Amino acid sequence: QVQLVESGGGSVQAGESLRLSCAVSGFADSKYTLGWFRQAPGKEREGVAAIDSDGNTAYTDSVKGRFAISQDNAKNTLYLQLNSLKPEDTAMYYCAAVRGEIPVRIVLQITAAGLTMDYWGQGTQVTVSS
């Protein structure tokens, strides 16, 4: 049973930082690619960052230079460091996984292409006030 459990969201002021965590379990020895997505009220879900098993990363343009995705394989945990937060970053953030080694730039575009990841967490809310 694959499970993704996010934590670390909260309410902060613009310019502050947060670190989101996602505990990943149930993949055994299977290969998979991970990503962070977000959805703001009234907007489509969008890919924010993705990482593959080799550590290659990709980011959506609006977060480049501010957010950093990483993974600790020993702890089976995915992270998203959010720095210099802006009110427009306010959204529900989800970690997600897709089986196989998928190019990270493709993972970012999965929801925009009308496709979906194989597994999703329950989401963690990030609220940034000005």
Side-chain angles (χ1 to χ4, degrees):
Q1 181 81 8
V2 174
Q3 283 193 316
L4 304 171
V5 180
E6 302 99 332
S7 60
S11 296
V12 297
Q13 298 287 319
E16 294 184 341
S17 299
L18 283 171
R19 189 175 79 158
L20 307 183
S21 300
C22 175
V24 180
S25 61
F27 278 102
D29 294 328
S30 299
K31 295 289 187 181
Y32 53 91
T33 309
L34 297 168
W36 286 97
F37 294 75
R38 67 185 179 186
Q39 188 166 20
K43 293 190 176 181
E44 297 290 322
R45 187 172 296 188
E46 65 168 343
V48 175
I51 189 167
D52 65 19
S53 59
D54 292 326
N56 297 306
T57 59
Y59 299 90
T60 192
D61 287 345
S62 62
V63 308
K64 285 180 180 177
R66 299 189 298 121
F67 291 8
I69 189 171
S70 61
Q71 57 185 354
D72 184 331
N73 292 326
K75 295 182 179 179
N76 293 322
T77 302
L78 177 71
Y79 299 101
L80 186 67
Q81 179 69 39
L82 294 72
N83 297 325
S84 303
L85 281 160
K86 303 176 181 180
E88 51 264 43
D89 295 318
T90 295
M92 185 71 79
Y93 283 71
Y94 301 87
C95 71
V98 58
R99 288 195 178 276
E101 295 177 303
I102 310 299
V104 288
R105 60 180 177 81
I106 299 297
V107 171
L108 282 188
Q109 297 299 318
I110 273 183
T111 53
L115 304 174
T116 188
M117 301 287 276
D118 293 324
Y119 305 98
W120 294 88
Q122 83 286 355
T124 185
Q125 178 69 36
V126 172
T127 302
V128 185
S129 56
S130 58

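Computed from heavy atoms alone, side chains included, the values below leave out hydrogens, waters and symmetry copies. Every value quoted in this text rests on a predicted model; they were computed, and no experiment measured them.
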Distance-only donor-acceptor hits, side chain of residues 14-23, under 3.5 Å, sequence neighbours excluded:
from, atom 1, to, atom 2, distance (Å)
Glu16, OE1, Gln13, N, 3.0
Ser17, OG, Asn83, OD1, 3.0

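- A side-chain N or O of Arg99 and one of Tyr119 form a donor-acceptor pair less than 3.5 Å apart.
- Tested against Thr33 for a side-chain contact (heavy atoms from CB on, under 4.5 Å), the candidates Ile51, Ile106, Asn56, Val107 yield a single pass: Val107.
- Note that the OG1 atom of Thr57 and the CZ atom of Arg105 stand 14.0 Å from one another [nearest 0.5 Å].
- Legend: residues meeting ring pair (Phe, Tyr, Trp, His ring centres under 6.0 Å) with Tyr32, ordered by chain and number and at least two apart, are Phe27.
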Please output the side-chain donor-acceptor pairs of residues 42-49 that fall under 3.5 Å, not counting sequence neighbours, one pair per line with the distance.
from, atom 1, to, atom 2, distance (Å)
Arg45, NE, Gln39, OE1, 3.4
Glu46, OE2, Arg38, NE, 2.6
Glu46, OE2, Arg38, NH2, 3.1

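- Separation of atoms CG (Leu82) and OH (Tyr93) is listed at 5.5 Å; rounding is to 0.5 Å.
- Separation of atoms OG1 (Thr124) and CG (Leu80) is listed at 11.0 Å; rounding is to 0.5 Å.
- Leu85 CG to Glu88 CD: the interatomic distance, rounded to the nearest 0.5 Å, is 10.0 Å.
- Under the ring pair (Phe, Tyr, Trp, His ring centres under 6.0 Å) criterion, Phe37 pairs with Trp120, sequence neighbours left out.
- A salt bridge does not link Lys31 to Asp52: none of the charged side-chain nitrogens sits closer than 4.0 Å to a carboxylate oxygen.
- Residues passing the side-chain contact (heavy atoms from CB on, under 4.5 Å) test with Leu108 are Ala50, Ala58, sequence neighbours excluded.
- Residues Asp61 and Lys64 are paired through a salt bridge, judged by an N-O separation under 4.0 Å between the basic side chain and the carboxylate.
- By the side-chain contact (heavy atoms from CB on, under 4.5 Å) test, Asn73 pairs with Gln71, sequence neighbours left out.
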